[in-house]
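Have a look at the structure below, then the notes.
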Amino acid sequence: MERYDVAIVGGGTSGLTALRQLANLGKQAVLLEAGNTPGTKNISGGILYSKKPKNGRVYNIEDVFGREFIDDAPYERPITQYILHATSKDKLYSIDLTPVHEYQINYAYSVLLSKLIPWLAKEASDMSEKMGGGIISGVHLRSVRWEQGNSDIVIDTDELEPFRVKALIAADGVNSELAEVTKARNKFSSEQLYQGVKVVIKLPETILEERFKVTSEEGAAHLFAGDVTMNHIGGGFLYTNRDTISLGAVYHMDSLMDNPIEPSRLIDTLIRNKLVAEFVKDRVPAKKSSQALISKDEEIRQHFMAVKLLKNWNNLRSEYYSRDGIKRLIESGKYGTKDEIESRIAFLENELVEKYNYEFGDNYVELEYSTKLIPDGKRCRMKAPYYKNILFVGDAAGRGVFVGPRIEGLNVGIDDAVRAANAVARSLDRNNFDEQYLGNFYTKSVEESPYTRDMKEIDKDYLKIFLDCSKNIPKDIVGSRYGMIFKLMSSGTLRGIAVGFANMLGFDRLLPLVESVDTYVNVPVELADRLGKTIDSNYVPTTPSLQERIAKLDYNDDSIPHIQVTKPRSEFMVKMASLCPTRCYSYENGNVILQHEGCIECGTCAYETLWRHPRGTKGVSYKYG
Amino acid sequence: MGRYDCMPVRPLNVGVIVKLEPDFSEGNVSYNPDGTLNRAETKNILGPHSAAATLAAFYCKVKYDAKVAIGTMGPPIANQALRQAQLISNADELHLYSDRIFAGADTLATAEVLRLGVSRMNNGLGADIVISGHRASDGETGQTGPQTAWKLGYPFIGNVIDFHIDQEGKSIYAKRFISLYGFYDVIEEIQAPLPVFISADPSYKPSFNTISERLSLARNLNEARNKADNFEKYLQVFNSEGLGADPRYVGLPGSPTIVYKVEKIPKAKAKRRVEFVDGNDTVKLDMVAKKLIQLMTEAPIK
Amino acid sequence: MSGVTQNSEPSTGDLARIESYQHLYVVIEHEEGIPVPVSLEMLGEARRLMDNFNVTYSSNEKVVAVVLGDNVRHLCQELIRFGADVVVYADNHSLKHYTNLLYTKIICQIAEDKNVARSISPNRFENYKKPRYMFFSADNTGRHLSSTVLAQLESGLASDINKLVISDLEIRHEHKTKGQPVKFEKTLEMYRPDFSGFLWTTILCLDNRNPVTAREYHPQSCSIIPGVFEPITKEDQRTGTIIDFEPQISDEDLRIKVLSRNIIKSTIDFESCKIIVSYGRGIRDSPEDNFKLIEQFARALNAEIGISLPISKRPYQTKDQHLLSYMIPERVVGTSGRKVSPVVYIAIGISGAVQHLAGMKESGFVVVINPDSDAAFRDECDIFIKGRLEEVLPTLTEHIKKHMLMIEKRA
């Protein structure tokens, strides 16, 4: 049996950080990723933060990947604006939360993981290969076991012969199979999770910059609460990428269980909010239904011609609306002036309209639909995130900082990964993988992380900045609901005491008050009704059907089903018929049945099913992430 | 032409013959108004079956540290097929057999050029195993591989889905997938001495089952990416003289077959126009039954 | 290049040349002791072509079947009944399973053997060199075998043919005829559909009549697509010549060995059936009973049964082993399964997801049975029967059986 020093399971940002950090320390490690290549099964909201806390330190991605990350990595945009909107029908009340967003940060970049992760993977594997390790894709972990006589972990996968390692880092996400097979922790329940549904929307670069009033070095983040949430606890987000937009809705899963609504409907509601609709609008071609009866052959021929024209129109327009695109086109010699390009675009449009029955109008272009579960670190972080000589990081350990408008998952996983890599390296040096030497050491390290502190207590300085931003909100809207506590919090002098008191009560008791329908729905709705501006929008976006969204995704179907329904009549499963983002479940004759078409492996149903990831290279592959 | 003995100490030499073909995927392919392929407007890529053959060569590289040479007969732009093949297989040598007198060749005349090319692969050592694709997406005859094999004097094994080489025993163990129309499918295991010529079944996918093989795979893929940026460095171009070809046996003169004419196949299929039938209407259902039987018993429209 | 059919007397020069190449050799494949269907189809077409040929050219050339194997003598008479005039067989233990090298060598030995030619045509064999025409099947074996045989015989091969005509053609070709119009007699026009399915390409195998590179190219050969031609109606009274050929096999040839042969559990043959009946989640109300109805319906139509992807995941709890055996991935029609194009496709209780449609939209005639008239399938069918399968199928099955009975009575 082959033997290696360290294995890392999961090729997301955390796993790749651990791989690179171990290589930085001269250690050999092998990373297993189930997708075809790293980055095909990762979703993020997403913004990647780099932080500099006042007390204590965290490890940021550039600490591991070097200055090269900031100079070369394909992140999307630095996020320089952070605005919260309270919504009620077509009225919006906006609060500038940029100071809150900038609290203790070095930078924040919007990211699309399918682009970012391959870069990280190359940087990590190049270094790791020098140490005799590397990344192995298309491999799915089946189980782990320990043999008599030594502490080595034997790893069984669906694709490879078994092999042994001295230590293992579990970076396999919120539905961690390592957690499952070792029973290191319970599955996360709906009180401990958020379900986030996201779409990536196309918007040409210069149009985006003009619309959001940002330069090429800037980006905007917009959050939404109020009636857009359809009475759920949580909110919507919109982040500007280079020439796309990440738009999503993240809700407490238990509020979804109380009031189940299909995720695709939730995102449609967000898209139809007038401000969002105006944000994502673009000029979009659509085929008119054909009146003429033409032969099948003729139809096929026309289809091919139209597809080609559309491709040319799209490419030319994307280039025209990209930074320096016009310059590039002229330099290529194909066009002499900007006017020529514009006429060509107009000509192509005309051809499509006159000859192929198309029309052009306002709409939006949706590129990809996805869903992800997010563990609420405040409620479900593993207190001792290890099992024997397996260390858990990031989502797999239930860790992430989600407090009000603060949404941080990626950076927490990265910090964990470095701490885990350091702990493992230390153990390799001493050849000691006992719980005392490895697991405990790692636990202590993680406890020292400022992120863990933020999962346990309120940071009063953060709170102050948040309150300052919201100082224009009429006290009566808020005060009537939170009364005394709010008064205490808003007073500068008493804040310290109030916060201390709150922290004594514990997040557990405070949270239900703060994370409530009042906070995320009623207060914002009232704010918008009373003080909001009316947004004008002269079009209603056509949202794709769920079938169309699924049809756009790439699947490599695994003939062996990876999910098994064990409780076809439970209350939880009945709700899955609504909460599965791709409608994999149907409720028939009192039983819940899994159809399995279009599963995107989010894990919403994992709590009461036998849930595993599909085998290596199988299942969904994301193009944007 | 002829066999020779492989020396066990030196590495395995692999040769691949590939073809540059039109890209038939939607959005890339272009058709003329009469439905024929518009070659001028359609991009060309390494054919998918050629890609499968290249993967088989890559398997040899990863597993046996083999030397890989890739050859193609075609016009100068066929070097794009070679570049793509190198990306897949981390090839060490790229051969382009190009000469105006090769034009108009049918499979027999093409096989003549290719067999001359193969014997010059791997620094003139030739190949212990030559791999071709199952067929080309445009010509679709599937004849060139076996005919090249015959001219080389190598036994031909087709539809290979899996194989491994016994370097000491100088033989190949190959698994073939055979579809017998009207019967069943068969997987056959066959043994043959090297040198040998195989064609990769379109479904061929190499599998690497240990960590060390997978790491070797990753290393080779990296090397391949680096090489492909600079692929001209690995490219040799051979014309007719360079190959020592006899002009009577290549190109049009060497081709027994010619294309006589091309015409449209008369097709009667019109756009589907739906007829709705009420499931309770027994009279209508009877008509449907009659129609089904009529279609069933009619001679097949071919 | 133009074609002209003529029926003139051959000159003595032509006579000498004609007699070097005679007869149509058909390479037969067999499995489990019987000829594979395409072999009989090829014999049928060979028979039709040569009957015509012999009338047109007043000659007496033969259809010669060639069979290799271990214990194949019993096949010979059957092949004669299906149209062969002569059967040449080579019986040897080493030929039990097809291997390319050995089979190619022996077929070429047979093709060029003058003794065989004498047994076929005792009066006209002196100049015999090679067959005039040769047929192979366009399947896994035949494609490769034909390629290597023709490489050895150094002549032309066209593959995947679905139409054949023998005629005299006047051809003007820059190379073959040095630009001059030349008459090529008894030329086999071999038609093959191209990759797009729109075009028919006609291939000819022609001698080089260009004095600079003069060369003779025979046999004119092709591999034939299964399922295109029809075998002749078997004639039990037909007689012919059977020739036992002693193959020459060297030790070197035997180094290629078939080590094992595993039949994969019989695959669902969607290719050769004319009607496919598929079902989907519409059976959910009562899976076992509904499936029985579907099976009866399919049997009446002699149809193979397909399923939609969700069914292959076995969403229904059932102990019915028979039903379970039909809910397997091999039966899925769609992008995750098989692409089919039967003459008739009938979809029962399937809504018409994009992935399913992609797998069957090349079908000739499409019938959908579904109670929901808004189902997506309505855009991809010729007849949409709005109704529940429990009600529609029994009625349809009955009507079909009734009509089939009438047809059989008439026959």
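So you know, we letter chains A, B, ... as the sequences are listed, proteins then strands, and number each from 1.
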> Do you know the tightest heavy-atom contact between C:K386 and C:P371?
Replying inline: NZ-O, 3.4 Å

> By a 4.5 Å heavy-atom criterion (distance strictly below it), what part of C:M404 contacts chain B: side chain, backbone, both, or neither?
Replying inline: both

> Between the main-chain N or O of B:D106 and the side-chain N or O of B:S255, is there a donor-acceptor pair closer than 3.5 Å?
Replying inline: yes

> Would you say the side chain of B:I178 lies within less than 4.5 Å of the side chain of B:E188, judging by non-hydrogen atoms?
Replying inline: yes

>> Quick check against the 3.5 Å criterion: does C:N210 have a side-chain atom that pairs as donor or acceptor with the backbone of C:H175?
In response: yes

> Got a salt bridge between B:E263 and C:K163, using NZ or NE/NH1/NH2 to carboxylate O under 4.0 Å?
Replying inline: no

>> Quick one, C:L150 and B:Q147 - any side-chain contact, counting heavy atoms below 4.5 Å?
In response: yes

> C:F384 versus chain B, heavy atoms under 4.5 Å apart: side chain, backbone, both or neither?
Replying inline: both

>> Quiz question: by atom type and distance under 3.5 Å, do the side chains of C:T187 and C:Q220 form a donor-acceptor pair?
In response: no

> Given that the side chain runs from C-beta out, which part of C:V149 has a heavy atom under 4.5 Å from chain B: side chain, backbone, both or neither?
Replying inline: neither

>> Just so I understand: if I count every heavy-atom pair under 4.5 Å between each of C:T213, C:L102, C:I203 and chain B, which residue has the most?
In response: C:I203

> In terms of heavy-atom pairs under 4.5 Å, which option from C:S223, C:G387, C:G156 contacts chain B the most?
Replying inline: C:G156

>> At a heavy-atom distance under 4.5 Å, which candidate from C:E398, C:R261, C:H144, C:R215 has the highest pair count against chain B?
In response: C:H144

>> Need one label for B:L108: side chain, backbone, both or neither, based on atoms under 4.5 Å from any heavy atom in chain C.
In response: side chain

> Can you tell me if C:R192 uses its side chain to pair, donor with acceptor, with the backbone of C:S159 under 3.5 Å?
Replying inline: yes

> Looking at C:T141, C:N302, C:V366, C:V38, which has the largest count of heavy-atom pairs under 4.5 Å with chain B?
Replying inline: C:V366

> Contact part of C:Q152 toward chain B, heavy-atom cut-off under 4.5 Å: side chain, backbone, both or neither?
Replying inline: both

> With only heavy atoms counted, which part of B:K175 is less than 4.5 Å from chain C, the side chain, the backbone, both or neither?
Replying inline: neither

>> Heavy-atom pairs under 4.5 Å with chain B - which of C:H97, C:E391, C:K176 has more of them than the others?
In response: C:K176

> Non-hydrogen atoms of chain C under 4.5 Å away: do they reach the side chain of B:F177, the backbone, both or neither?
Replying inline: both

>> Please classify the contact between C:V344 and chain B as side chain, backbone, both or neither, with a heavy-atom cut-off of under 4.5 Å.
In response: side chain

>> Please classify the contact between C:T99 and chain B as side chain, backbone, both or neither, with a heavy-atom cut-off of under 4.5 Å.
In response: side chain

>> Could you walk me through whether B:K19 and B:E21 satisfy the salt bridge (Lys or Arg N to Asp or Glu O under 4.0 Å) test, starting with their C-alpha distance in whole Å, then the side-chain angles of each, then the deciding distance to 0.1 Å, before giving a yes or no?
In response: CA-CA 6 Å; B:K19 192 170 177 211; B:E21 298 166 13; 5.3 Å; no

>> For C:T148, which atoms come within 4.5 Å of any heavy atom of chain B: side chain, backbone, both, or neither?
In response: both

> B:S171 versus chain C, heavy atoms under 4.5 Å apart: side chain, backbone, both or neither?
Replying inline: neither

> Given a strict heavy-atom distance threshold of 4.5 Å, which part of C:E174 is in contact with chain B: side chain, backbone, both, or neither?
Replying inline: side chain

> Which atoms of C:K401 come close to chain B, meaning under 4.5 Å heavy atom to heavy atom: side chain ones, backbone ones, both, or neither?
Replying inline: neither

>> Out of C:D253, C:L157, C:I400, C:T395, return the one with the most heavy atom pairs under 4.5 angstrom to chain B.
In response: C:L157

>> Could you tell me if the side chain of C:E29 sits less than 4.5 Å from the side chain of C:Y98, heavy atoms only?
In response: no

>> Keeping C:D139 on the side-chain end and C:G142 on the backbone end, is there a donor-acceptor pair under 3.5 Å?
In response: yes

>> Parallel, tilted or perpendicular: which one describes the rings of B:H164 and B:Y173, with boundaries at 30° and 60°?
In response: parallel

>> If you count heavy-atom pairs within less than 4.5 Å of chain C, which of B:T257, B:V274, B:D286 leads?
In response: B:D286

> Where on C:T201 is there a heavy atom nearer than 4.5 Å to chain B: the side chain, the backbone, both, or neither?
Replying inline: both

> Is it the backbone or the side chain of B:I293 that comes under 4.5 Å from a heavy atom of chain C, or both, or neither?
Replying inline: side chain

> Can you check whether B:P253's main-chain N or O pairs, donor with acceptor, with C:N208's side chain at less than 3.5 Å?
Replying inline: yes

> For C:R388, is it the side chain, the backbone, both, or neither that has a heavy atom closer than 4.5 Å to a heavy atom of chain B?
Replying inline: neither

>> Are C:L301 and C:I346 packed together at the side-chain level, in the sense that at least one heavy-atom pair is separated by less than 4.5 angstrom?
In response: yes

